[in-house]
Amino acid sequence: MKKVLLIMLSVLFLFTVSSAKTTKFKKIKTLSSTSWKLTDFQNETLIYQYIGSKTLGEITLNFAKKENLVSGFSGVNTYSGNFEINGENITFSNLASTKLYGPRNVMEQEYKYLTVLPETATYKVVDEKTLKLITSDGTELTFTRTK
């Protein structure tokens, strides 16, 4: 009887340990107060240029603590605007950007990003570190969480 009890306890212990390892990530309940860096844009190579201590080409997306405000760095310029979430749908509106000039290839990448962002239709939080924005025509922007 003691052997059976010991075996049952061992199996229970192993089951508990294995299920703890496979526990899913903590689901992000809101995008508010999160920051992201663009890591993939339709499988295209992202362009970065280093001028002194400044990195041009890095694209970020920050969702403010206050609802519906978004901002970021689009490669050369900063931008801001509004966002609205309804289920898995997300829309960006009233986007405004500074008008600084930078290297042509970085400016082209920035222009493409700022053109695609307002066309975003849905979003997916793949895991606690990955965010995908998807336009209605299937263009995907993949971000990695920085905060």
Side-chain angles (χ1 to χ4, degrees), residues 8-147:
M8 288 175 51
L9 287 174
S10 297
V11 169
L12 181 62
F13 174 77
L14 289 174
F15 177 77
T16 304
V17 169
S18 68
S19 67
K21 288 182 181 177
T22 60
T23 301
K24 289 192 172 193
F25 63 91
K26 182 180 170 187
K27 182 81 172 170
I28 295 175
K29 295 179 183 174
T30 178
L31 291 176
S32 293
S33 298
T34 61
S35 296
W36 308 84
K37 177 183 174 184
L38 184 67
T39 53
D40 187 57
F41 194 163
Q42 284 296 99
N43 297 318
E44 293 181 17
T45 302
L46 296 173
I47 300 165
Y48 300 101
Q49 287 194 5
Y50 305 96
I51 299 176
S53 63
K54 192 165 188 169
T55 302
L56 297 179
E58 186 172 282
I59 297 174
T60 62
L61 178 64
N62 308 305
F63 293 90
K65 186 173 183 177
K66 183 177 178 184
E67 282 298 314
N68 302 331
L69 295 178
V70 67
S71 65
F73 186 68
S74 52
V76 175
N77 292 284
T78 58
Y79 67 95
S80 62
N82 301 102
F83 74 97
E84 187 174 331
I85 293 177
N86 185 4
E88 292 182 0
N89 298 325
I90 187 169
T91 55
F92 295 94
S93 60
N94 301 322
L95 293 174
S97 172
T98 57
K99 300 291 183 193
L100 300 174
Y101 182 76
R104 183 181 184 136
N105 56 349
V106 178
M107 293 295 297
E108 288 171 354
Q109 177 175 278
E110 176 180 75
Y111 175 79
K112 185 175 177 183
Y113 171 74
L114 290 175
T115 302
V116 169
L117 187 62
E119 296 175 5
T120 302
T122 61
Y123 78 101
K124 287 185 211 173
V125 178
V126 179
D127 55 42
E128 68 182 8
K129 296 180 181 176
T130 307
L131 169 69
K132 288 190 178 272
L133 300 179
I134 305 149
T135 66
S136 55
D137 71 358
T139 300
E140 284 191 17
L141 300 161
T142 304
F143 294 83
T144 299
R145 189 169 183 177
T146 59
K147 177 183 159 196

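We're numbering straight along the sequence, starting at 1.
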Just jot down the side-chain contact (heavy atoms from CB on, under 4.5 Å) partners of Asp40, sequence neighbours excluded, or say none. Asn43, Thr142
Can you list the residues that meet the ring pair (Phe, Tyr, Trp, His ring centres under 6.0 Å) rule with Phe73, with sequence neighbours excluded? none
Kindly write out the residues that satisfy ring pair (Phe, Tyr, Trp, His ring centres under 6.0 Å) with Phe92, not counting sequence neighbours, or none if the list is empty. none
Does Glu119 have any salt bridge (Lys or Arg N to Asp or Glu O under 4.0 Å) partners at least two apart in sequence or in another chain, and if so, which? none
In short, side chain to side chain donor-acceptor pair (under 3.5 Å) pairs touching residues 80-93 with sequence neighbours left out are Asn82-Asn94
Heavy atoms of Gly72 and Asn62 approach each other most closely as CA-ND2, 3.7 Å
Could you tell me which residues satisfy salt bridge (Lys or Arg N to Asp or Glu O under 4.0 Å) with Lys124, sequence neighbours excluded, listed by chain and number? none
So, are Glu128 and Arg145 salt-bridged, with charged N and O less than 4.0 Å apart? no
Name all residues meeting the side-chain contact (heavy atoms from CB on, under 4.5 Å) criterion together with Ser33; count only those two or more places apart in sequence or in a different chain, and write none if there are none. Lys65
Going by the rule ring pair (Phe, Tyr, Trp, His ring centres under 6.0 Å), which residues pair with Phe83 if we only count those two or more places apart in sequence or in a different chain? Phe63
Closest non-hydrogen contact found for Ala121 with Ser136 is CB-N, 3.8 Å
Counterpart residues, side-chain hydrogen bond (donor to acceptor under 3.5 Å, both in side chains), relative to Gln42 (two or more places apart): none
Solution key, residues 110-118 side-chain donor-acceptor pairs under 3.5 Å, sequence neighbours excluded:
residue	atom	partner	partner atom	Å
Glu110	OE1	Asn77	ND2	3.0
Glu110	OE2	Ser74	OG	2.7
Glu110	OE2	Val76	N	3.0
Glu110	OE2	Asn77	N	2.7
Glu110	OE2	Asn77	ND2	3.4
Lys112	NZ	Glu44	OE1	3.0
Lys112	NZ	Glu44	OE2	2.5
Tyr113	OH	Tyr79	OH	2.7
Thr115	OG1	Tyr111	O	2.7

Can you give each donor-acceptor pair under 3.5 Å made by side-chain atoms of residues 45-57, sequence neighbours left out, with the distance rounded to 0.1 Å?
residue	atom	partner	partner atom	Å
Gln49	NE2	Asn105	OD1	3.1

Check whether any side-chain N or O of Thr130 sits under 3.5 Å from a backbone N or O of Asp127 as a donor-acceptor pair, and report yes or no. no
Test: salt bridge (Lys or Arg N to Asp or Glu O under 4.0 Å). Region: residues 69-83. Which pairs qualify, not counting sequence neighbours? none
